[in-house]
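Only one structure is covered here, and it is reproduced in the block below.
Residue numbers start from 1 in every chain, and the chains themselves are labelled A, B, ... in the order their sequence lines are given, proteins ahead of strands.
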Amino acid sequence: MSLGALPGFRDFYPADLAERAHIFATWRDVARRYGFVEYDGPPLEPLDLYTRKSGDEIVGQLYNFTDKGGRDVALRPEMTPTLARMVAARANAQRKPVRWFSIPQLFRYERQQRGRLREHFQLNLDIIGESGVTADAELLAAAVDIMRAFGLGPADVVARVSDRRLLQAYLAAAGVPEPALPAVFAVIDKIDRQPATVSAEKLDALGVGPGARDAVLAIGSATWAAISAVLAGAGHAGLVADFERYLRALDALGAGAFVRVDLSVVRGLAYYTGIVFELFDAKGELRAICGGGRYDTLLKSLGGVDLPALGFGMGDVVLGELLRSRGLTTWQSSGIDVWVAIGDAGDVTDAMRVAARLRARGRSVEYSLGGQKLARQLKAANAAGAREAVILGAPGAASGEAVVRRLDDGTEQRVRLDAWIGDATPPASNHQPPATT
RNA sequence: GUGACCGUAGCUCAAUUGGUUAGAGCACCGGACUGUGGCUCCGGGGGUUGUGGGUUCAAUUCCCAUCGGUCACCCCA
């Protein structure tokens, strides 16, 4: 296996690429329905585009090197810095809000695990230049509609939504000391992945009192009614009203059934400034399918333009695992349209002429490249998934006639070849359900 | 980067717990059923048992290293 792909990198065989193409096509279709337009940037960027935002420690997770011109460069680990640069360069010329999406291949030097490779494709969908919560709702509704487009419903996928400011206010109201907040965020971020006793000990060590500690530990199961009551009582009626407008907007956009308020969603620690969300499979078996939120200060710190922004990333790896586990494998190839076979009196050049004319009309056509007897040709036609075979030079056929055989039920029809080719039209769709044998 | 477990054909798995030439199903290729596919039957290709050492008369089996995979940390853009 010395010739295999590098660890964490994938070979895409035709069946694998069919899945990838299906995912991309679905992403593009929903993005288009929401008015987003596609962009792209270079896969290789200056190293400091990433260190400027995240510090030098991120270098350990980058594919970086010095190029032949002495420049420190890195394969892109994320799209946001590139987006920020591109938007900043033409910020004044863009109609606001900007709705852009991209499907970059991203790279990170990390030890791979299931659902996490060293390379993946990630849909990035961002809205720039709108600070109201309707934009937040629009963004999540798009993510939810992507799930729907793949055939996933509320029983399959849950959107957990939170807000950095709500969480902070809620913790303060519960009695968490102000200086301990960042460290408490870190504990909450891990609350599902470590025993409650460990989380409790960490909170104790941070000087969080017993009452506040219990509130933190139960934060994932706190209902919006309970949370909003606490916040309203603590003088945060404005925050509560804003978030409720967000939830109502999600309902209006048809995404409400997927949404669950869960303040324990922290989304890392870095640059999110407002509403954040994650999409999970409802069974909780896989990693997050999608994550995103509002990052109003990031563009200014990266690219110099001060515009509010929000976006999400959705990778192809976990999504593909989820679709396969749910049996939603509609990308399987449906095979070719026509196989041109030649009988006794036929000649391979006749098959070529017929194939050429059918192909010119958009049909997918194969014929036997090596000389084979008819039984063999039909066997090959069947293996190729052809829907019908046209047999030239069948015994007793008049000049200009051919036999068209349907391969699903074996029925045959004698046709005038010219008329039959003339009737050929492109197939309605290349995404038929898989042909079961 | 740290730790645990696992590596046999393209895929899923065998090989009487150290024993002779490593097998089967599926897939692939071909033949027969005397020139119209799927079924059936027959045959074929394909493995340095991940790799390299070690122990032994003998290693797929035991030991070490290395590479790869899985999982948990780390990290999550």
Side-chain angles (χ1 to χ4, degrees), chain A residues 1-9 11 13 15 45 49-51 53-55 57-62 74-84 104 106-118 120 122-124 126 186 189-190 193-195 198 265-272 276 278 285 287-293 295 298 302 311-315 317-318 335 339 341-346 368 370-395 397 402-412 435-437:
Chain A
M1 294 299 284
S2 59
L3 293 179
L6 287 169
F9 285 77
D11 288 327
Y13 287 87
E45 291 275 20
L49 185 65
Y50 305 111
T51 56
K53 167 185 155 195
S54 308
E57 66 275 13
I58 200 176
V59 174
Q61 299 181 15
L62 292 179
L75 291 171
R76 60 188 174 195
E78 59 168 323
M79 199 57 178
T80 307
T82 300
L83 170 67
L106 305 178
F107 306 87
R108 54 192 164 201
Y109 194 85
E110 284 185 315
R111 193 145 161 187
Q112 67 160 320
Q113 294 183 36
R114 183 173 185 226
R116 182 137 205 201
L117 307 175
R118 286 180 167 179
H120 71 144
Q122 187 186 67
L123 170 66
N124 273 247
D126 294 88
D189 192 35
K190 295 193 176 79
R193 286 170 284 155
Q194 62 190 14
V198 175
V265 175
V266 177
R267 291 299 303 156
L269 302 166
Y271 54 68
Y272 287 110
V276 294
E278 292 185 340
E285 293 169 348
R287 294 165 185 277
I289 300 160
C290 166
Y295 49 94
L298 185 65
L302 273 178
F312 69 75
M314 181 186 297
V317 179
V318 176
W339 186 281
I342 44 183
D344 271 343
S368 178
Q372 289 177 316
K373 56 186 182 182
L374 190 52
R376 200 105 219 120
Q377 295 179 57
L378 289 169
K379 192 168 186 168
N382 192 54
R387 278 182 282 285
E388 54 190 10
V390 55
I391 302 165
L392 310 178
V403 171
V404 174
R405 180 181 179 86
R406 289 183 44 165
L407 290 175
D408 52 357
D409 58 13
T411 57
E412 291 190 349
T436 50
T437 49

Rounded to whole Å, please give me the gap between [atom1] in [X] and [atom2] in [N].
X        : N     : atom1 : atom2 : answer
A/Phe107 : B/A77 : CZ    : C1'   : 14 Å
A/Leu378 : B/C39 : CG    : P     : 14 Å
A/Gln112 : B/U2  : CD    : P     : 16 Å
A/Arg387 : B/G38 : CZ    : C1'   : 17 Å
A/Arg118 : B/G68 : CZ    : C1'   : 11 Å
A/Arg111 : B/U2  : CZ    : P     : 8 Å
A/Lys379 : B/A27 : NZ    : P     : 11 Å

Closest approach of [X] to [Y] (non-hydrogen atoms, all atoms of both residues):
X        : Y        : result
A/Leu302 : A/Leu49  : CD2-O, 4.1 Å
A/Ile289 : A/Met314 : O-CG, 3.5 Å
A/Gly115 : A/Val318 : O-CG2, 3.6 Å
A/His120 : A/Val317 : CB-CG2, 3.8 Å

Distance between the [atom1] atoms of [N] and [M], in whole angstroms?
N     : M     : atom1 : answer
B/C71 : B/C26 : P     : 31 Å
B/C41 : B/G46 : P     : 24 Å
B/U36 : B/U48 : C1'   : 46 Å
B/C57 : B/A72 : P     : 45 Å

Legend entry - Donor-acceptor pair (no angle test) under 3.5 Å: A/Arg287 side chain, B/C76 base: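 For A/Arg287, whose side chain was compared with the base of B/C76, there is no donor-acceptor pair (under 3.5 Å).
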
Legend entry - Short side-chain N/O contact from A/Arg376 to OP1 or OP2 of B/G31, under 4.0 Å: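 For B/G31, OP1/OP2 do have a side-chain N/O of A/Arg376 under 4.0 Å.
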
With respect to the side chain of [X], which nucleotide from [options] is positioned closest?
X        : options             : value
A/Lys373 : B/G69, B/C74, B/G35 : B/G35
A/Gln113 : B/C73, B/G68, B/G37 : B/C73
A/Tyr272 : B/A77, B/G31, B/U36 : B/A77
A/Gln61  : B/A77, B/U36, B/G31 : B/A77
A/Leu374 : B/A4, B/U36, B/G38  : B/U36
A/Glu78  : B/G37, B/A77, B/G69 : B/A77
A/Lys190 : B/G35, B/G1, B/C75  : B/C75
A/Pro7   : B/G68, B/C71, B/G37 : B/G68

Legend entry - Nucleotide pairing, RNA chain B (Watson-Crick or G-U, distances under 3.5 Å), in dot-bracket with [ ] and |: (((((((..((((.....[...)))).(((((.......))))).....(((((..]....))))))))))))....

Legend entry - Within 45° cone of A/Phe107 ring axis and under 6.0 Å: A/Arg76 NZ or CZ: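 Verdict for A/Phe107: no cation-pi partner in A/Arg76.
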
Inset, instruction - Assign A/Ile391 to base, sugar-phosphate, or nothing according to its heavy-atom contacts below 4.0 angstrom with the strands shown. - result: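 Since a base atom lies under 4.0 Å of A/Ile391, the category is base.
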
Legend entry - Which residue lies more 5' along RNA chain B, comparing A/Gly343 with A/Asp408 via nearest heavy atoms: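 So the residue in question is A/Gly343.
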
Inset, instruction - Determine yes or no for a side-chain-to-main-chain donor-acceptor pair under 3.5 angstrom, with A/Arg118 supplying the side chain and A/Glu110 the backbone. - result: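 Confirmed, A/Arg118 side chain pairs with A/Glu110 backbone.
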
Inset, instruction - In plain terms, say whether A/Arg406 and A/Glu388 are close enough for a salt bridge, that is, a side-chain N and a carboxylate O under 4.0 Å apart. - result: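 No, no charged N to carboxylate O under 4.0 Å.
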
Legend entry - Any side-chain heavy-atom pair of A/Ile342 and A/Gln377 under 4.5 Å: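 Contact flag for A/Ile342/A/Gln377 side chains = yes.
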
